[in-house]
Peer 1: 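Mind looking over this structure? Questions follow.
Every chain is numbered from 1, with letters handed out A, B, ... down the list of sequences.
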Amino acid sequence: MRDVLSAVLMLTGVALALVAALGLVRFPDVFSRMHAATKPSTLGLLLITVGAAVRMREGGDAVALLLVAAFQFVTGPVAAHMIGRAAYRSGAGAQAGLVVDELADVSAPPA
Amino acid sequence: MTAVFAVCFAGLAVAALLVLVRLLLGPSVPDRIVSLDTLLQVVVAGVAIAAARTRSGEFLAVLLAVSLLGFLGTVVVARFVERRGA
C-alpha cells in the first residue's frame, strides 16, 4: 500500500516538473516564464519528497525529507520575487507584451 | 516498482532537457536565472527519487545542500543583475 501511494505521488511530481519545464520553454515573456517555472516545480518537488519520505525506513530520514520540502516551499517565492524585481529593474522584462505597468509610478522604471 | 522509477527518471530527464533549451535560448539573464533555478529543482527531485529507490538516508545531505545552494545562487545572481542591468 505504501508503495502505491509513493508511486502515485512521485509520478504526479514528475508530471508537474515536466509541466514546469514545458511552460518555461513555451512562454514568451520573462514574467510569464516565472509563473510556469516556480509554481508547478515547487509543488512537484513537494509531492516527490513526500513520496520519497513515505518509502524511507527510519522516521528520521522521512522528517529530513519533509524538511527539504518545507524549505523549498519557503524559499521558492522569495527567490522568484527577487528574480522578478531584478528582471523589472534591469529592463529585461520590458517586452511589448506588457499591457499595464502599475509599478512604474511606485519604483524607478527601467531607464 | 522499478518501472515507476524508470518512468520517473525518464520524465525528469526530459524536463531537464527542456530547461536546458531555455537556459541556452534565454535572451536575458533573468531568463537564465529562472531556468537554472528550475534545473536545480529537477536535480533535487531526481536525488529525492534516488533516495526513495534505495530507501536509505545517505542522500539527505546532498538534498539539503543542493536545495540550499540553489536558493543562494538564485538570490546572489538576482542581486547582481539588479545592480548591473541585464
Side-chain angles (χ1 to χ4, degrees), chain A residues 3 6-8 10-11 13-15 17-22 24-25 30-31 33-34 36-38 41-42 44-45 47-49 51-58 60-62 64-65 67-69 71-72 74-76 78-93 110-111, chain B residues 1 4-5 7-12 14-22 25-31 33-35 37-39 41-42 44-53 55-61 63-64 66-68 70-72 74-75 77-86:
Chain A
D3 283 354
S6 77
V8 165
M10 280 196 284
L11 285 173
V14 168
L18 269 172
V19 162
L22 200 61
L24 190 69
V25 168
V30 179
F31 299 120
R33 276 182 207 131
M34 274 172 32
T38 47
S41 59
T42 310
L45 194 61
L47 293 180
I48 289 177
T49 28
V54 164
R55 271 178 64 89
M56 278 296 152
R57 283 198 191 90
E58 297 93 8
D61 298 341
L65 269 169
L67 184 69
V68 169
F71 178 73
Q72 277 292 334
V74 168
T75 56
V78 172
H81 167 71
M82 294 201 76
I83 303 171
R85 192 178 60 177
Y88 181 77
R89 289 237 175 106
S90 66
Chain B
M1 203 49 197
V4 169
F5 289 122
V7 168
C8 284
F9 282 127
L12 283 182
V14 169
L17 275 179
L18 284 173
V19 169
L20 209 59
V21 164
R22 171 50 54 198
L25 283 182
S28 65
V29 176
D31 287 313
I33 312 174
V34 170
S35 49
D37 200 22
T38 315
L39 190 64
Q41 287 183 338
V42 168
V44 171
V47 173
I49 292 178
R53 198 160 77 97
R55 301 190 63 166
S56 72
E58 71 244 11
F59 280 100
L60 298 181
L63 264 175
L64 274 172
V66 173
S67 56
L68 278 167
F71 169 64
L72 193 64
T74 307
V75 167
V77 177
R79 286 191 62 83
F80 169 72
V81 164
E82 196 175 322
R83 227 166 6 93
R84 191 186 59 76

Peer 1: I'd like to check B:Thr74 versus A:Thr75 (side-chain heavy atoms, cut-off strictly below 4.5 Å). Are they in contact?
Peer 2: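 Side chain of B:Thr74 against side chain of A:Thr75, heavy atoms only: no contact under 4.5 Å found.
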
Peer 1: Given A:Val14 and B:Ile49, is the side chain to side chain contact (heavy atoms under 4.5 Å, CB included) satisfied, shown in steps?
Peer 2: CA-CA 10 Å; A:Val14 168; B:Ile49 292 178; 3.8 Å; yes

Peer 1: Looking only at heavy atoms, what is the nearest atom pair of A:Leu18 and B:Ala15, with distance?
Peer 2: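 Minimum heavy-atom separation between A:Leu18 and B:Ala15: CD2-N, 3.7 Å.
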
Peer 1: Chain B: which of A:Thr49, A:Asp61, A:Val19, A:Val54 shares the most heavy-atom pairs with it under 4.5 Å?
Peer 2: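 Looking at each of A:Thr49, A:Asp61, A:Val19, A:Val54 in turn, A:Asp61 comes out on top.
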
Peer 1: Rounded to the nearest 0.5 Å, how far apart are CZ of B:Arg22 and CG of A:Leu22?
Peer 2: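 CG of A:Leu22 is found 11.0 Å from CZ of B:Arg22.
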
Peer 1: Using non-hydrogen atoms only, which part of A:Leu45 is less than 4.5 Å away from chain B: side chain, backbone, both, or neither?
Peer 2: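 Interface part for A:Leu45: side chain.
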
Peer 1: Take A:Phe71 and B:Leu64, measure what side chain to side chain contact (heavy atoms under 4.5 Å, CB included) needs, and give me the verdict at the end.
Peer 2: CA-CA 9 Å; A:Phe71 178 73; B:Leu64 274 172; 5.5 Å; no

Peer 1: For the CD1 atom of A:Ile48 and the CD atom of B:Gln41, what is their distance to the nearest 0.5 Å?
Peer 2: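 With rounding to 0.5 Å, CD1 (A:Ile48) is 10.5 Å from CD (B:Gln41).
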
Peer 1: Against chain B, label A:Leu47 side chain, backbone, both or neither, depending on which of its atoms sit under 4.5 Å from a heavy atom there.
Peer 2: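 No part of A:Leu47 comes within 4.5 Å of chain B.
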
Peer 1: Non-hydrogen atoms of chain A under 4.5 Å away: do they reach the side chain of B:Phe5, the backbone, both or neither?
Peer 2: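 For B:Phe5, the contact with chain A is made by the side chain alone.
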
Peer 1: Distance from A:Leu67 atom CG to B:Leu60 atom CG, nearest 0.5 Å?
Peer 2: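 Between A:Leu67 CG and B:Leu60 CG, I get 10.0 Å after rounding to 0.5 Å.
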
Peer 1: Quick check on side-chain contact (heavy atoms from CB on, under 4.5 Å): which of B:Val34, B:Val21, B:Asp31 does A:Leu24 satisfy it with?
Peer 2: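 In the set B:Val34, B:Val21, B:Asp31, the residue that makes a side-chain contact (heavy atoms from CB on, under 4.5 Å) with A:Leu24 is B:Val34.
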
Peer 1: Donor-acceptor check, side chain of B:Arg55 to backbone of A:Arg55, threshold 3.5 angstrom: yes or no?
Peer 2: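 Indeed, once roles are kept as given, a pair shorter than 3.5 Å links the two residues.
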
Peer 1: What are the two closest non-hydrogen atoms of B:Pro30 and A:Ile83, and how far apart are they?
Peer 2: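 Of all heavy-atom pairs spanning B:Pro30 and A:Ile83, the closest is O-CG2, 4.1 Å.
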
Peer 1: Heavy-atom cut-off 4.5 Å, strictly under: side chain, backbone, both or neither for B:Thr38 against chain A?
Peer 2: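 For B:Thr38, side-chain heavy atoms alone lie under 4.5 Å from chain A.
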
Peer 1: What is the distance from atom CE of A:Met82 to atom CZ of B:Phe71, rounded to the nearest 0.5 Å?
Peer 2: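 Rounded to the nearest 0.5 Å, the CE-CZ separation comes out at 7.5 Å.
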
Peer 1: Ignoring hydrogens, what is the shortest heavy-atom contact between A:Met56 and B:Ala52? Give both atom names and the distance.
Peer 2: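 Distance-wise, the nearest heavy atoms are CE-N, 4.2 Å.
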
Peer 1: Looking at B:Val77, B:Leu20, B:Leu68, B:Asp37, which makes the most heavy-atom pairs under 4.5 Å with chain A?
Peer 2: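 The answer is B:Leu68.
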
Peer 1: Please report the shortest heavy-atom distance between B:Ala78 and A:Ala86, naming the atom on each side.
Peer 2: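 Of all heavy-atom pairs spanning B:Ala78 and A:Ala86, the closest is O-CB, 3.3 Å.
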
Peer 1: With chain B, which of A:Met34, A:Glu58, A:Arg85 has the greatest number of heavy-atom pairs at distances under 4.5 Å?
Peer 2: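 Result: the option with the highest number of such pairs is A:Arg85.
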
Peer 1: Please identify each residue that fulfils side chain to side chain contact (heavy atoms under 4.5 Å, CB included) with A:Ala80, with sequence neighbours left out.
Peer 2: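 A:Thr38.
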
